[in-house]
Number of protein chains: 2
Amino acid sequence: MRTQPRPPSTGRSLEHPDRDLIRLEDVLHALSDPMRLRIVCTLAGSEAEQSCSVFDLPVSKSTTTHHFRVLRESGVISQIYRGTAKMNALRRDDLEELFPGLLGSVLAAADRQAARRETAAR
Amino acid sequence: MRTQPRPPSTGRSLEHPDRDLIRLEDVLHALSDPMRLRIVCTLAGSEAEQSCSVFDLPVSKSTTTHHFRVLRESGVISQIYRGTAKMNALRRDDLEELFPGLLGSVLAAADRQAARRETAAR
DNA sequence: CGGTTCGTACGATACCCATCGTAGTACGCC
DNA sequence: GGCGTACTACGATGGGTATCGTACGAACCG
């Protein structure tokens, strides 16, 4: 189903925890930050990988880098370099295998809360 | 269905966030600490309220108090004084209403992880 | 009342962490 | 090679927080 050949990943590699080493506490901690939750929601909204730069976060670039690293090291996302860009993707399958339903309920909860906030603001 | 009349709560009262003020980020943060996750799992294991003292945590009493307060202020548990004891209960209904399925998947995930760890240790 | 049990309040401490700015590296392109 | 883009590394900083010990308060029991 992949129609477009993607640029190959470059030599730079990034540390990812093995699936069996992902800890629930770390995942929950990673998701408990508003910026990171926002990143994860955005990532969940599209099937494809997203480069770091498409996220328009109200923090500096170095802080953004920090959040992506926390997400990667906790096992929530995977990252790979493609040229100068760094592509991000949710580790849906690994998380689903380890903690069935967890990611889905967190994403749904985040959506509901966003909707609630919108209603309250009106 | 309540057969045993319980001792009345005493005058001392405790602040609880209204259901609509419970924030997902705070709940996730509360659950991201190993001690607190353990407390919540224990609490989920029995339908009844549990006094603080039945939790045998490997930390001091003052630290235990701290963790229960975090759980209460984040909206995860409710607490009420009964005599000298302080009874704790999960706010299942409120959480289910706000974030359907979330608590269940976190608890299931914690169970699975505990089981995995046990297997790995053997 | 005195003692016991249960939990709190407070201060201290050490660590974690979200944030920033600046300087730097890696890559693609002209 | 030189330039621009994308991201990183590092150090600093301020605020949060998990932990403790000690001293205290509130309720029950004799």
Side-chain angles (χ1 to χ4, degrees), chain A residues 5-16 23 25-40 43 49-74 76-89, chain B residues 5-16 23 25-40 43 49-74 76-89:
Chain A
R6 287 179 290 196
S9 67
T10 62
R12 291 181 287 173
S13 71
L14 294 160
E15 290 271 320
H16 291 77
R23 297 192 329 149
E25 298 89 327
D26 295 339
V27 170
L28 294 176
H29 173 249
L31 297 176
S32 72
D33 181 274
M35 289 302 153
R36 291 194 292 259
L37 189 54
R38 184 164 153 176
I39 291 171
V40 169
L43 230 35
E49 303 170 321
Q50 300 287 319
S51 83
C52 289
S53 53
V54 309
F55 296 86
D56 194 27
L57 301 176
V59 293
S60 72
K61 286 217 303 177
S62 35
T63 302
T64 301
T65 297
H66 161 71
H67 286 310
F68 276 102
R69 183 172 49 226
V70 172
L71 286 171
R72 171 171 46 84
E73 291 180 345
S74 66
V76 176
I77 68 171
S78 61
Q79 298 189 292
I80 186 174
Y81 285 107
R82 292 197 197 283
T84 62
K86 191 164 153 188
M87 306 305 290
N88 303 277
Chain B
R6 287 179 289 195
S9 67
T10 63
R12 292 180 287 172
S13 71
L14 294 160
E15 290 270 320
H16 290 78
R23 297 191 330 150
E25 297 90 326
D26 294 339
V27 170
L28 294 176
H29 174 249
L31 296 176
S32 71
D33 180 276
M35 290 299 155
R36 292 194 291 261
L37 189 55
R38 184 163 153 176
I39 290 172
V40 170
L43 229 35
E49 304 171 319
Q50 301 286 319
S51 83
C52 289
S53 53
V54 310
F55 297 85
D56 193 29
L57 301 176
V59 292
S60 72
K61 283 209 307 178
S62 34
T63 301
T64 301
T65 297
H66 161 71
H67 285 309
F68 275 102
R69 183 172 49 227
V70 173
L71 286 171
R72 171 170 47 83
E73 291 180 345
S74 67
V76 176
I77 67 171
S78 62
Q79 297 189 291
I80 187 175
Y81 286 106
R82 293 197 197 283
T84 61
K86 190 163 154 191
M87 306 303 291
N88 304 277

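Note that this is a predicted model, so its numbers are computed, not measured. As a basis for the values below, the full set of heavy atoms in this structure was taken, side chains included, without hydrogen atoms, waters or symmetry mates.
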Practice item. Give the rounded distance in Å between these two atoms: NZ of K61(A) and P of dG4(D). Key: 15 Å
Exercise for review: May I have the distance from D26(B) (atom CG) to dT17(D) (atom C1'), rounded to whole angstrom?
Suggested key: 14 Å
Study note, to complete from the structure: Atom CD of E49(A) and atom P of dC7(D) are separated, to the nearest Å, by 13 Å
Review point. Counting only side-chain N and O atoms of T84(B), is one of them less than 4.0 Å from OP1 or OP2 of dA26(D)?
Key: no
Point to revise | Flag, side chain of N88(A) to backbone of Q50(A), donor-acceptor distance under 3.5 Å | key: yes
**Study point:** Distance, nearest 0.5 Å, that separates CG of L43(A) from CG of L71(A)
**Key:** 8.5 Å
Check your understanding: Rounded to whole angstrom units, what separation is found between the CG atom of L57(A) and the C1' atom of dT19(C)?
Key -> 13 Å
Review point. Counting side-chain heavy atoms from C-beta on, which of dC20(D), dA18(D), dA6(D) comes nearest to A85(A)?
Key: dA6(D)
Practice item. To the nearest Å, give me how far apart NE2 (H66(A)) and P (dT13(D)) are. Key: 18 Å
Point to revise | Presence of R36(B) side-chain N/O under 4.0 Å of dA18(D) phosphate oxygens OP1/OP2 | key: yes
Check your understanding: Can you tell me if the side-chain N/O atoms of R69(B) get under 4.0 Å from OP1 or OP2 in dA9(C)?
Key -> yes
Check your understanding: When you check the phosphate oxygens OP1 and OP2 of dT19(C), does a side-chain N or O of H67(A) lie under 4.0 Å from one of them?
Key -> yes
**Study point:** Nearest-Å distance for atom pair CG/P, residues L14(B) and dA9(C)
**Key:** 9 Å
Check your understanding: Should T64(A) and F55(A) be marked as a side-chain contact (heavy atoms from CB on, under 4.5 Å) after you check the CA-CA gap, both sets of side-chain angles, and the distance that decides it?
Key -> CA-CA 9 Å; T64(A) 301; F55(A) 296 86; 5.6 Å; no
Review point. Distance check: side-chain N/O of H29(A) vs OP1/OP2 of dC16(C), anything under 4.0 Å?
Key: no
Practice item. Would you please confirm or rule out a distance under 4.0 Å between OP1 or OP2 of dC20(C) and any side-chain N or O of S60(A)? Key: yes
Exercise for review: Considering non-hydrogen atoms only, spot the tightest contact between S78(B) and H16(B) and give its length.
Suggested key: CA-NE2, 3.3 Å
Review point. Quick one: I80(A) CD1 to dC27(C) P, roughly how many Å, whole number?
Key: 13 Å
Check your understanding: Would you say dG21(C) has OP1 or OP2 under 4.0 Å from some side-chain N or O of S62(A)?
Key -> no
Review point. What is the distance, rounded to the nearest whole Å, between atom OH of Y81(B) and atom P of dA26(D)?
Key: 10 Å
Review point. Hey, is the side chain of S53(B) poking within less than 4.0 Å of OP1 or OP2 on dG7(C), counting only N and O atoms?
Key: yes
Practice item. Please tell me if the side chains of R36(B) and V76(B) come closer than 4.5 Å, counting only heavy atoms from C-beta onward. Key: no
